[in-house]
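Each remark here refers to the structure printed beneath this line.
Keep in mind that the numbers below use all heavy atoms, side chains included, and drop hydrogens, waters and symmetry copies.
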Amino acid sequence: MATLPATHLGNRSKARAEQMRALVFRGPNQIGIESVPIPKPGYGEVIIRVTLTTICGTDVHILKGEYPVKPGLVIGHEPVGVIYEIGPGVKDYSVGDRVLVGAITPCGQCEYCLSGKLSQCGGAIGGWKFGNTIHGAQAEYLLVPHAQANLATIPDDLTDEQVILLSDIASTGFSASESADVRLGDSVAIFAQGPIGLCATVGARLKGAGLVIVVESDPVRIAMSKRMGADVVIDYRRQDISDAVRGLTRGRGVDVAIEALGTSQTFEGALKVLRPGGTLSSLGVYSGKLSIPLEPFAAGLGDHKIITTLCPGGKERMRRLMELVRHGRVDLRPLLTHTFTLDEITKAYDLFANRKEGVLKVAIRP
């Protein structure tokens, strides 16, 4: 039987005897469903019963050992659920409330949060707790820290499927254009159309881009990118990306290039298509060496901006994203291509990690 590591229990009271099923990481390429105690909420914390979750590309990085976490950790960071138990110090919520919780759970009180950098709560990447520094969402129950700042009540007219992808990939994908300050009529090129890249395509449209160019070779993802609002698709196997982008932009390059894969090749490709003074907005999680080619960077004299963004979180962010869904501006349900139970989650990881059967995102029902 797995137990909750002491580093994750802190000063909370001892967990109850009741057990739950959860996906536990034991080491690179070693995950499995185990029985672990249902956590007990401490001050400012809430336990939710997870009704829907999913698998992220970052979870795959963890599985492969490319992003280190402690063995024994329950992974996953995208939860929708129902409030099961409320700890002291939490108000305006009731047991049974349906809630969406962002992948990033800021405290709302530290220097970084009060400076508007919620994702960096407490220090570098500190807002990302689920499945990183505390137990995550691929389980039957989940402890939510700083619950007052992170529980977003789901309107009755929205389903779990309509909101599950807002927790991470939508918030992340949309943020690429927000961080780059995309303006009305801007040209935007998005490198890779995986789940986050597809959401970046939607986000560029929401921000008013005049021309949305995507770079992708997978036929399933190309078709979905057009459905999500791409104007032009460049298949890098058949066209030179830089030449194609210059042709579409009258030789000037794009105002904003978004890197959504996390490889040195796509990062360099994004830099090469920028106009002078353009912005490279990076969303990828990089696991290898990253270099900046001299010529497209204009030897550092091209007035380019390179910005990175970690998924914005907190309940107000989630509320605003749900408003986009409620009013028909965003519908990401087509990205949920497969559904599994929690007991089948290792099969879901194999499907998702190896991009089988045209998978984009998987829905996991505990």
Side-chain angles (χ1 to χ4, degrees), residues 7-8 10 12 25 39 41-48 50 53-59 61-62 67-70 73-81 87 89-90 99-139 142-152 163-180 195-196 199-200 203 260 262 281-287 307-322:
T7 53
H8 300 311
R12 300 174 202 142
F25 172 83
Y43 189 88
E45 299 173 338
V46 161
I47 307 299
I48 67 169
V50 179
T53 186
T54 183
I55 298 171
C56 178
T58 305
D59 298 326
H61 284 297
I62 290 171
Y67 183 92
V69 300
K70 293 181 179 180
L73 189 71
V74 177
I75 56 178
H77 52 263
E78 299 164 272
V80 171
V90 179
V99 290
L100 168 66
V101 186
I104 301 300
T105 50
C107 71
Q109 298 298 317
C110 70
E111 171 190 352
Y112 297 93
C113 288
L114 294 176
S115 299
K117 303 298 182 183
L118 302 181
S119 301
Q120 308 304 321
C121 172
I125 322 179
W128 173 29
K129 300 176 178 67
F130 292 141
N132 183 24
T133 59
I134 66 174
H135 286 323
Q138 290 167 8
L142 174 69
L143 185 147
V144 180
H146 314 299
Q148 199 70 47
N150 290 294
L151 294 176
V163 302
I164 180 62
L165 299 184
L166 304 179
S167 176
D168 183 3
I169 67 166
S171 189
T172 300
F174 297 175
S175 74
S177 289
E178 294 173 283
S179 296
I196 285 181
C199 288
S281 186
S282 173
L283 297 177
V285 178
Y286 302 96
S287 56
I307 57 173
T308 64
T309 306
L310 174 60
C311 172
K315 69 179 180 183
E316 176 60 12
R317 174 70 170 185
M318 295 300 108
R319 184 194 70 80
R320 288 177 176 273
L321 293 175
M322 285 191 285

Whether the side chain of [X] engages the backbone of [Y] through a donor-acceptor N/O pair (distance < 3.5 Å, no angle test) should be reported.
X: Q120; Y: I125; answer: yes
X: K129; Y: I104; answer: no
X: H135; Y: V74; answer: yes
X: D59; Y: C56; answer: yes
X: S281; Y: A180; answer: no

Any chance you could measure [X], atom [atom1], to [Y], atom [atom2], to the nearest 0.5 Å?
X: I169; Y: E78; atom1: CD1; atom2: CD; result: 7.0 Å
X: C199; Y: F174; atom1: SG; atom2: CZ; result: 5.5 Å
X: L100; Y: L321; atom1: CG; atom2: CG; result: 8.0 Å
X: H146; Y: Q148; atom1: NE2; atom2: CD; result: 12.5 Å
X: L143; Y: I48; atom1: CG; atom2: CD1; result: 9.5 Å
X: I75; Y: T58; atom1: CD1; atom2: OG1; result: 11.0 Å

Measuring only between side-chain heavy atoms, which start at C-beta, is [X] closer than 4.5 Å to [Y]?
X: W128; Y: T105; result: no
X: V163; Y: M322; result: yes
X: V99; Y: V80; result: no
X: L151; Y: V46; result: yes
X: P312; Y: L118; result: no

* Scan residues 167-180 for pairs that pass side-chain hydrogen bond (donor to acceptor under 3.5 Å, both in side chains), counting only residues two or more places apart or in two chains. => H77-D168, D168-T172, S171-R317, E178-R317, S179-T309
Where do [X] and [Y] come nearest, in terms of heavy atoms and distance?
X: V50; Y: A139; value: CB-O, 3.3 Å
X: T54; Y: Q138; value: O-NE2, 3.2 Å
X: P145; Y: F130; value: CD-CE2, 3.8 Å
X: G173; Y: L283; value: CA-CD1, 4.0 Å
X: C107; Y: C113; value: N-SG, 3.8 Å
X: G313; Y: S119; value: N-OG, 4.4 Å

* Is it the case that more than 12 heavy atoms not belonging to Y67 sit under 6.0 Å from its OH atom? -> yes
* Above 12 or not: heavy atoms from other molecules or residues under 6.0 Å from CZ of R319? -> yes
* To do: Assess whether side-chain contact (heavy atoms from CB on, under 4.5 Å) is satisfied between I47 and L142, documenting all intermediate values.
  => CA-CA 6 Å; I47 307 299; L142 174 69; over 6 Å; no
